[in-house]
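Counting convention: from 1, in listed order, for ligands and their atoms alike. In what follows, every heavy atom counts, from backbone to side chain, and hydrogens, waters and symmetry copies are set aside.
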Amino acid sequence: MPEHNSQSIRPRVLSGMRPTGKLHLGNYMGALANWVKLQQNYECYFFIADWHALTSDYADTSRIPDNIAEAILDYLGAGLDPEQSVLFLQSKTPEHAELFLLFSMITPLGWLERVPTYKEQQENLSGKDLSTYGFLGYPLLQAADILLYTPQFVPVGQDQVAHVELTREVARRFNQFYKLGEREVFPEPQSLLTPSPKLPGTDGRKMSKSYGNTIELNDSEATVRAKLKTMVTDPARIRRTDPGDIDKCPVGDLHKVFSSSEKVAEVREGCRTAGIGCIQCKGWAADALIQILTPLQERRASFTIDQAKEILIAGTAKATKRAEQTMGEVRESMNLTFLK
Ligand code: TRP
Ligand code: SF4
């Protein structure tokens, strides 16, 4: 079939997200919306990195099943199409663990200790004991996630670029030690940096689950409006008659991302002259958000959880096939072939 031919020449991309609960607008703008666009021009592998969730949340695992369900439903709601993309679950593809183990043999400890997120996150998440082997090693698990599918590109945000760099170094080191005749097993993938607009949460800080300031993709209209009402604004605008500045206001930032340029101009002028009030302005921002979220929510609601499971099962079978192909080459190049 012609589609098949065109599929096989499309460059391959792989990316994943750890399932931490309901996805929010920041996840959508920073990753999902970009993945959806990539589907047309790339051969896409997108996965739920459930083992990664354990690297920092190992003590209480009770929410893992629900979090995976939320993730796959939000992926589908956002428009990831199982006909176009391989959607799969990490822990059902044990090749990730096998390659991680083999990589662990050749990776100097210093490489992992130097990953910038290592010390940072250990300090930030000080409520948890992150002096574990799994936490130190998780960028290497990520390297295995990536290299198993030999993608040309890895769409990620700026915070993950260092992990893709490590992945390249691991690929290089592997290729130096082990070869398949003249051929190298692992091409070096590149980061495909996701352009992510400044997206503040309701408290004005970056939207993030750990700050509890998110607008979730599945929030109802009433919830979105209520959250917007409590959102912080330009601190200079205390009274209705005080002029404000859209560029100093988190609600203004939302308008810049989600509203039309005419609306942004109207807000800029109305805010500067105190012609509009913050309540009205927040109502408009809520309108814009609801317009983005409604089609996602309708699509999400069109899938039952059983259908979503079937999609993950079928995607995982496809991913496993691809992963097995790579592992065959890895085992062969490393002489792990005594029993074929
Ligand atoms: N570490 C990534 C994050 O925390 C998730 C992830 C795991 C990932 N494996 C990956 C992203 C492979 C891209 C490719 O967001
Ligand atoms: Fe912010 Fe809008 Fe109020 Fe201006 S009018 S301070 S942009 S909420």
#### Entry: In one Ile/Leu/Val/Met/Phe/Trp/Tyr side-chain cluster, 4.5 Å: Leu102, Tyr133
no
### Task
Please name the pair of heavy atoms, one in Trp51 and one in Pro94, separated by the smallest distance, quoted to 0.1 Å.
CH2-CA, 4.1 Å
#### Entry: Which residue and heavy atom of the protein sit nearest atom 7 (C) of ligand 1, plus the separation
His52 NE2, 3.4 Å
#### Entry: Where Leu147 and Phe186 come nearest, the two heavy atoms and their spacing
O-CE2, 3.4 Å
### Summary
The protein heavy atom nearest to atom 3 (Fe) of ligand 2 is Cys278 SG, 2.3 Å
### Message
For the residue pair Arg322 and Tyr149, would you count it as a cation-pi contact if the rule is NZ or CZ under 6.0 angstrom from the ring centre and within 45 degrees of the ring axis?
### Response
no
### Query
What protein heavy atom is closest to atom 4 (O) of ligand 1, reported as residue, atom name and distance in Å?
Arg18 NE, 3.3 Å
### Query
Which atoms of ligand 2 sit under 4.0 Å from any heavy atom of Val251?
8 (S)
### Residue Cys271 vicinity, atoms of ligand 2 by number, heavy atom under 4.0 Å
4 (Fe), 5 (S), 6 (S), 7 (S)
### Query
Which atoms of ligand 1 are found less than 4.0 Å from any heavy atom of Leu14?
12 (C), 14 (C)
### Message
Quick check on contacts: which atoms of ligand 2 are under 4.0 angstrom from a heavy atom of Asp234?
### Response
6 (S)
### Task
Apply the salt bridge (charged side-chain N to carboxylate O under 4.0 Å, His left out) test between Asp57 and each candidate in Lys209, Arg63, Lys128; give the one that qualifies.
Lys128
### Message
Can you tell me how the ring of Phe47 sits relative to the ring of His96, calling it parallel under 30°, perpendicular over 60° and tilted otherwise?
### Response
tilted
### Task
Run the numbers for me: atoms of ligand 1, each under 4.0 Å from some heavy atom of Ile146, listed by number.
12 (C), 14 (C)
#### Entry: N or O contact, Gln142 vs ligand 1, cut-off under 3.5 Å
yes
### Message
So, regarding Asp145 and ligand 1 (criterion: nitrogen or oxygen to nitrogen or oxygen, under 3.5 Å), is there a contact or not?
### Response
yes
### Task
For Lys256, look at atom NZ and say whether over 12 heavy atoms of other residues, nucleotides or ligands are found less than 6.0 Å away.
yes
#### Entry: Element-labelled atoms of ligand 2 that are located less than 4.0 Å from some non-hydrogen atom of Arg237
3 (Fe), 5 (S), 6 (S)
### Residue and atom name of the nearest protein heavy atom (relative to atom 5 (C) of ligand 1), distance in Å to one decimal
Gly16 O, 3.6 Å
### Query
By number and element, which atoms of ligand 1 are closer than 4.0 Å to a non-hydrogen atom of Gln160?
1 (N), 2 (C), 3 (C), 4 (O), 15 (O)
### Query
Do any N/O/S atoms of Cys281 come under 2.8 Å of atom 2 (Fe) of ligand 2?
yes
### Task
Measure from NZ or CZ of Arg173 to the centre of the six-membered ring of Phe103, then state whether that distance is under 6.0 Å and the direction lies within 45° of the axis.
no
#### Entry: Proximity to ligand 2 by part of Cys249, non-hydrogen separation under 4.0 Å
side chain
### CD/Gln307: more than 12 non-hydrogen atoms of other groups inside 6.0 Å
yes
### Task
Look at atom CZ of Arg239 and say whether more than 12 heavy atoms of other residues, nucleotides or ligands are closer to it than 6.0 Å.
no
